[in-house]
Chemist: 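The structure follows.
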Number of protein chains: 2
Amino acid sequence: MELSERKKKLLAAIVERYIATGEPVGSKTLVESLDMAVSSATVRNEMAELSNMGLLEQPHTSAGRIPSELGYRYYVDRLMGQYELSPNEKRLMEAKLATSAGDVQKVLETAGSLLSEMTRCAAVSTTPADEAAVVRRVELVPIGTRTAMIVMLTSSGILKSRVCKTFGEITVDMAESFYNIVNANFIGKPAAAMHIAKIQTLAVSLGEKSLDMTPLLVALADVAAMTEHTELLLEGQSNLLSYKEYAGNAFELIEFLRHSELLGQIFSGYANSGKHAPQVLIGQENRFRELQNSSMIFDNYEIAGRESGTLGLIGPTRMDYARLIPSLRYLTEIVGKMLSDTVEE
Amino acid sequence: MELSERKKKLLAAIVERYIATGEPVGSKTLVESLDMAVSSATVRNEMAELSNMGLLEQPHTSAGRIPSELGYRYYVDRLMGQYELSPNEKRLMEAKLATSAGDVQKVLETAGSLLSEMTRCAAVSTTPADEAAVVRRVELVPIGTRTAMIVMLTSSGILKSRVCKTFGEITVDMAESFYNIVNANFIGKPAAAMHIAKIQTLAVSLGEKSLDMTPLLVALADVAAMTEHTELLLEGQSNLLSYKEYAGNAFELIEFLRHSELLGQIFSGYANSGKHAPQVLIGQENRFRELQNSSMIFDNYEIAGRESGTLGLIGPTRMDYARLIPSLRYLTEIVGKMLSDTVEE
DNA sequence: TGTTAGCACTCTAAGTGTATGAGTGCTAAC
DNA sequence: GTTAGCACTCATACACTTAGAGTGCTAACA
């Protein structure tokens, strides 16, 4: 579908104005704001044609036009200018992220809250997924006489810990057994190897030590389970409350975000696609009913050259694509760099 | 203010019915639902008197009555029956909490999400405050060649960790220096001793080792700062969205909860008061404008016989006090027990 | 003296009617 | 291809009406 230059200009102006104000745009205001060399009547003709093509729609006969989903799509694909982040903004983002360096989860949390602040949208991120990930390191950190913390690091950089309590005192002997078991059975293997069934057979083989060791091993399995699945981190859902398009059904959307692992499916599906460019889903292009009045933008971050996880934004269809897409793109880029640096060694 | 038995019965019925339905209660429905031996005219007379006393109010002339804040207060102080938690509910709460045993923060998070689920209110909790708390233990856990995790435990049971990256490899020598510094300067002292200024003078005294050690020491100061202040944990804010009394201004309230350390003041003020019984603040009894259409219930939990922190609920004035107060009371009790057990050793 | 029936009164919510104005589509002239 | 002009549509605002719920008051009753 090829449009005349003038139609393109008008469509872009309508989309941008509607994004900015949330009010339907009429022919008169449009002519004024663009100070075009034609009259409002001409613009009306053009707008009527854009409507016929399905790029604009009218809430009611005597209202101005608003972009249809197709209109947004055309705008995003062909018309939109890309907002350039200022060096200042870039520096700020990097500085904020740097405070979390070394901790994958924290980097992603920080990225999420940065995104949600910058965009007034909800931000989503997934922790790196890597089916080939293996347990790189396990540590047993004594905390008290009967309390210890188990720390696990995977080759994909995921770090998880958990506190556990034992029945009796934790002895040097126990710690030794623990490390022996871990080294012999788990280091270099996928976290899935540490399944509760495996732990049970191990416990049996320990004989009389078994009673003391069980809480440690159970906690170990627990930590392993935590590292195993990619996690979905959410930030800034409350931003959505401030949009009038969500008045009334904000609760529904926020509950959807809060519970849904379905959202994770979209993301991990995309992460595996190997694409690397921000993907935009507008309105009904979303598979889920709860998102059909919303748009999503998401993009994969790369760890050491490999698509690993996703950062995303969720907001009203009327979101500022021209600004948000470059912001997200830049952030995924530096998140990728930071995480590569973290995981690398 | 002493009321006749009949007035009490009526007031309680009005409060409870209004809590249940959210609709003003009229004389006719009231007589029916109570199947009283008097007519609606008599009830009207009584209701008029209750209005005069300021215990009831009318949204408008031809509507039924709703409780005034004074009415709720009277109900809470004198009329309310206490709902008994079933053994089943108790068992469920305990079982859920038990999964977090050993980790103060996690226990409180779990308690918060339990509370918010049970009550459809927002739940707040504060981590234990203890001016006499000292650093009990610090561990340096190697994670990679240039990455380490610093773990700190205080005598009040707060456990915090942070990952940090160093410039060069972490050597056994460095670890030794680290532990020497920690043992000599910090163990047994308040976390505040680990201030960044102190860290700096230490770094200077290290001479040439200083460059390598600095990131570790900075991270140490950082972890110390984390343990130092009581934290405010929030759960279930999104529950509030489902109440019609918040339609429209839910955003304001949720933003208030999200940002406000002011809320912490109320809590810590109460925590220091030494009281131990659920405290109820109804509507305007709250100091903050954002909470004046809401009620709060909060109660201190005791660690080893000492008031240490607070659990609280925030919801619409029209909340089910008779059910929520006992629930909160019971939860603070078992949280206290669990935390005492955690901190004790 | 407390209780009750009855009735006039008040006020909201919902529905109807009307004016206003923004914005359109169409047509005829440029 | 562009424009001015005009009839048309529809949301919004406002005034008005009606029905119904609930009240307060009064006079009669036990």
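Letters A, B, ... are given to chains in the order of the sequence lines, protein chains preceding strands, and every chain is numbered from 1. Scope of the values below: all heavy atoms of this structure, side chains included, with no hydrogens, waters or symmetry mates. Since we're looking at a predicted model, the values are computed, not measured.
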Chemist: Do the charged groups of A:K90 and A:E333 touch, with an N to O distance under 4.0 Å?
Modeler: no
Chemist: Could you pull out the protein-nucleic contacts involving nucleotides 17-22 of chain C (nitrogen or oxygen on both sides, under 3.5 Å)?
Modeler:
none

Chemist: Quick one: how far along DNA chain D does chain B reach, first to last nucleotide 5' to 3', anything under 4.0 Å to a heavy atom?
Modeler: D:dA21 to D:dG24
Chemist: Enumerate the residues from residues 42-55 of chain A whose closest heavy atom to DNA chain C is under 4.0 Å, giving them by residue number; use none for an empty result.
Modeler: A:R44, A:M47, A:A48
Chemist: So does A:R323 pair up with A:E84, basic N to acidic O under 4.0 Å?
Modeler: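 No salt bridge links A:R323 with A:E84.
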Chemist: Do NZ/NE/NH1/NH2 and the carboxylate oxygens of A:E46 and A:K9 come within less than 4.0 Å?
Modeler: no
Chemist: Distance check needed: C:dC11 P versus B:E57 CD, whole Å only.
Modeler: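 These atoms are roughly 17 Å apart.
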Chemist: Let me confirm one number: the CG-CE distance from A:L324 to A:M319, rounded to the nearest 0.5 Å.
Modeler: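 The distance works out to 6.0 Å.
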Chemist: For residues 48-56 of chain A, dump all side-chain donor-acceptor pairs below 3.5 Å to protein atoms at least two apart in sequence or in another chain.
Modeler:
{"from": "A:E49", "atom 1": "OE1", "to": "A:K7", "atom 2": "NZ", "distance (Å)": "3.1"}
{"from": "A:S51", "atom 1": "OG", "to": "A:M47", "atom 2": "O", "distance (Å)": "3.1"}
{"from": "A:S51", "atom 1": "OG", "to": "A:R65", "atom 2": "NE", "distance (Å)": "2.7"}
{"from": "A:S51", "atom 1": "OG", "to": "A:R65", "atom 2": "NH2", "distance (Å)": "3.3"}

Chemist: Ignoring hydrogens and geometry beyond distance, is a side-chain donor-acceptor pair present between A:S295 and A:Y72 at under 3.5 Å?
Modeler: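 No pair is found: no donor N or O on one side chain lies under 3.5 Å from an acceptor on the other.
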Chemist: Counting C-beta onward and ignoring hydrogens, is there a side-chain heavy-atom pair between A:L11 and A:Y74 closer than 4.5 Å?
Modeler: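 SC-SC contact between A:L11 and A:Y74 confirmed.
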Chemist: With sequence neighbours excluded, tell me which residues meet side chain to side chain contact (heavy atoms under 4.5 Å, CB included) with A:Y75.
Modeler: A:A12, A:V15, A:E16, A:L79, A:M80, A:A322
Chemist: Show your reasoning for whether side-chain contact (heavy atoms from CB on, under 4.5 Å) applies to B:L10 and B:L34.
Modeler: CA-CA 9 Å; B:L10 284 171; B:L34 287 176; 4.1 Å; yes
Chemist: Reading DNA chain C 5' to 3', what string of ( ), [ ], | and . shows its pairs, if Watson-Crick and G-U wobble pairs count only when both distances fall under 3.5 Å?
Modeler: ||||||||||||||||||||||||||||||
Chemist: What verdict does the side-chain contact (heavy atoms from CB on, under 4.5 Å) test give for A:V25 and A:I66, after you've listed the backbone C-alpha separation in whole Å, the side-chain angles of each residue and the deciding distance to 0.1 Å?
Modeler: CA-CA 6 Å; A:V25 187; A:I66 64 175; over 6 Å; no
Chemist: Give a yes or no on whether a salt bridge exists between B:R73 and B:E285, defined as a side-chain N under 4.0 angstrom from a carboxylate O.
Modeler: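 Salt bridge between B:R73 and B:E285, a charged N being under 4.0 Å from a carboxylate O: yes.
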Chemist: Could you check whether B:R120 makes a cation-pi contact with B:Y243, meaning its NZ or CZ is under 6.0 Å from the centre of the six-membered ring and within 45° of the ring axis?
Modeler: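 Yes, B:R120 sits over the ring of B:Y243.
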Chemist: Nearest to the side chain of B:T61 - C:dT12, C:dT4, C:dT10?
Modeler: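 Of the candidates, C:dT10 comes closest.
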Chemist: Tell me whether the count of non-hydrogen atoms from other residues, nucleotides or ligands lying under 6.0 Å of NZ in B:K8 goes above 12.
Modeler: yes
Chemist: Base, sugar-phosphate, or nothing: which does A:S40 touch, judged by heavy atoms less than 4.0 Å apart?
Modeler: nothing
